[in-house]
Amino acid sequence: MIFADFLRNRRREQLSASDLAALEDSVWDVQKTRARQLIAHARQPIRMSTYLMEGFICRYMDDRNGLRQLVAVHVPGDFVDLHGYPLGRLDHDVATLGACKIALVPHERLDRLLIERPNLTKLLWFSTLLDAAMHREWIFRLGRLDAVARVAHFFCEIEAKLRAVGLSDGQHFAFPLTQADLGEACGMTSVHINRMLRELRERNLMQVQRNRVTISDLSALRRLSDYDPSYLFIEG
């Protein structure tokens, strides 16, 4: 099943079997991508929306000097650019962070779904509103938390999203992002990120090693980062 993780532990029980079947039928193609592959360009017309089945994808913007700022990191179960459907184009680029598996849904097929299936329409809308909630939290994180808390908060979010789709046990999960990627998500240089990761390791809270995260004390990591998961709308 392509959409096995869509809204998993997030109102998935509201997705009827017929709605799910219609969503599956809307897929035009399933593709495997390489790491660091650009899959949607800013300011260019977009005619399909991308659903992430496996891997990590980021949304990002470049400044006038070509320096990148990540504005979102997506995990399996996410509709990465569903907001491109009503907008017609994106104001940012979308790229893979590691090797990924994606499903492509043409917008003309979304047209039919939205006309014929109001309940599914509401849940797709809910999916885009989750993105907006996470954007607000990222603004809070960058604007109000100190450096080590920013990094801790980022990992708390990623862990919660992965656990919702069965890819974290609360302590361990795969993590293909580099220190440069982390810096671009948290507004720091790679050198600064290295120091913050060392501090978290020395506090016996977590460590990143060989593309894998090990969290030793999730409760303490949450306290350090003033992390409140309610904005993710994860049930249970």
Side-chain angles (χ1 to χ4, degrees), residues 1-10 12 30-40 50-60 68 70-81 93-103 127 130-131 134 137-138 141 148 150-186 188 190 193-194 196-222 224-225 227 229 232 234 236:
M1 181 181 292
I2 294 172
F3 290 94
D5 290 325
F6 180 56
L7 297 182
R8 186 172 166 190
N9 288 311
R10 283 172 165 157
R12 185 176 174 87
V30 173
Q31 300 177 355
K32 291 187 176 180
T33 68
R34 63 184 186 276
R36 311 289 159 172
Q37 178 177 331
L38 190 63
I39 60 176
T50 304
Y51 172 78
L52 181 56
M53 299 173 66
E54 298 174 7
F56 286 69
I57 282 177
C58 70
R59 291 191 255 155
Y60 68 93
R68 189 172 74 159
L70 299 194
V71 295
V73 173
H74 290 281
V75 304
D78 288 352
F79 246 124
V80 175
D81 52 4
D93 294 306
V94 179
T96 62
L97 289 165
C100 293
K101 186 176 182 181
I102 59 174
S127 176
L130 287 175
D131 285 342
M134 284 182 273
E137 193 72 12
W138 278 46
R141 180 169 73 219
V148 70
R150 267 185 257 169
V151 177
H153 190 285
F154 177 85
F155 279 105
C156 286
E157 176 179 292
I158 293 295
E159 189 283 322
K161 291 171 66 178
L162 290 172
R163 185 152 37 92
V165 293
L167 295 176
S168 170
D169 61 3
Q171 290 185 297
H172 309 94
F173 55 89
F175 188 73
L177 279 71
T178 65
Q179 289 189 12
D181 296 329
L182 275 173
E184 291 164 355
C186 297
M188 302 179 210
S190 297
I193 284 290
N194 185 271
M196 296 305 100
L197 291 176
R198 183 172 66 245
E199 180 173 343
L200 291 170
R201 184 176 66 250
E202 290 173 350
R203 290 191 188 194
N204 295 316
L205 297 180
M206 60 158 288
Q207 63 177 329
V208 183
Q209 194 172 33
R210 298 186 184 90
N211 294 327
R212 192 161 184 83
V213 173
T214 299
I215 297 177
S216 305
D217 192 335
L218 182 57
S219 296
L221 198 68
R222 287 180 168 183
L224 171 64
S225 60
Y227 177 75
L232 294 174
I234 295 171

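- Expressed to the nearest 0.5 Å, how far CD of Glu157 lies from CZ of Arg141 amounts to 5.5 Å.
- Counted by atom type alone, His74 and Arg59 present one or more donor-acceptor pairs between their side chains at under 3.5 Å.
- A distance of 8.0 Å separates CG in Asp169 from CD in Glu159, rounded to the nearest 0.5 Å.
- Within the 4.5 Å cutoff, the side chain of Lys161 has no heavy atoms near those of the Leu167 side chain.
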>> Using side-chain contact (heavy atoms from CB on, under 4.5 Å), reason through Asp81 and Ile39 one step at a time and then give a plain yes or no.
In response: CA-CA 10 Å; Asp81 52 4; Ile39 60 176; over 6 Å; no
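- The minimum heavy-atom distance linking Leu205 with Ala220 is given by the pair CD2-CB, 3.4 Å.
- Distance CZ/Arg163 to CD1/Ile234: 7.5 Å, rounded to 0.5 Å.
- Taking the side chain as every heavy atom from C-beta outward, Val75 and Phe173 never approach each other to under 4.5 Å.
- Between Ala174 and Arg212, the shortest heavy-atom distance links the atoms N-NH1, 3.6 Å.
- Electrostatic pairing of Asp181 and Arg68 counts as a salt bridge here, judged by a charged N lying under 4.0 Å from a carboxylate O.
- For Ala185 against Phe154, the heavy-atom pair with the smallest separation is CB-CE1, 3.9 Å.
- In this structure, Glu199 and Val151 have side chains that are not in contact, with every pair of non-hydrogen atoms separated by 4.5 Å or more.
- Annotation for Phe56 and Leu177: closest pair CD2-CD1, 4.0 Å, computed over non-hydrogen atoms.
- Closest approach of Ser190 and Ala180 over heavy atoms only: OG-CA, 3.4 Å.
- Side chains of Arg36 and Leu97 form a contact here, defined as non-hydrogen atoms less than 4.5 Å apart.
- Contact of the Asn204 side chain with the Asp217 side chain is not registered, since no non-hydrogen atoms from C-beta on lie closer than 4.5 Å.
- Remark: Tyr227 pairs with His153 by the ring pair (Phe, Tyr, Trp, His ring centres under 6.0 Å) rule, at least two apart or across chains.
- One distance of note links NZ of Lys101 with CD1 of Ile2; it measures 8.0 Å at 0.5 Å rounding.
- Considering only heavy atoms from C-beta on, Leu221 comes within 4.5 Å of Met206 through its side chain.
- Residues Asp78 and Ile57 form no side-chain contact, since every pair of their non-hydrogen atoms from C-beta on lies 4.5 Å or further apart.
- Across Leu130 and Arg10, no two heavy atoms sit closer than the pair CD1-CD, 3.8 Å.
- How far CG of Asp93 is from OH of Tyr60: 4.0 Å, rounded to the nearest 0.5 Å.
- Considering only heavy atoms from C-beta on, Thr96 stays 4.5 Å or farther from Ile102 through its side chain.
- Below 30°, between 30° and 60°, or above 60°: for Phe155 and Phe175 the angle between ring planes is between 30° and 60°, a tilted geometry.
- Note that the CG atom of Leu232 and the CE atom of Met134 stand 6.0 Å from one another [nearest 0.5 Å].
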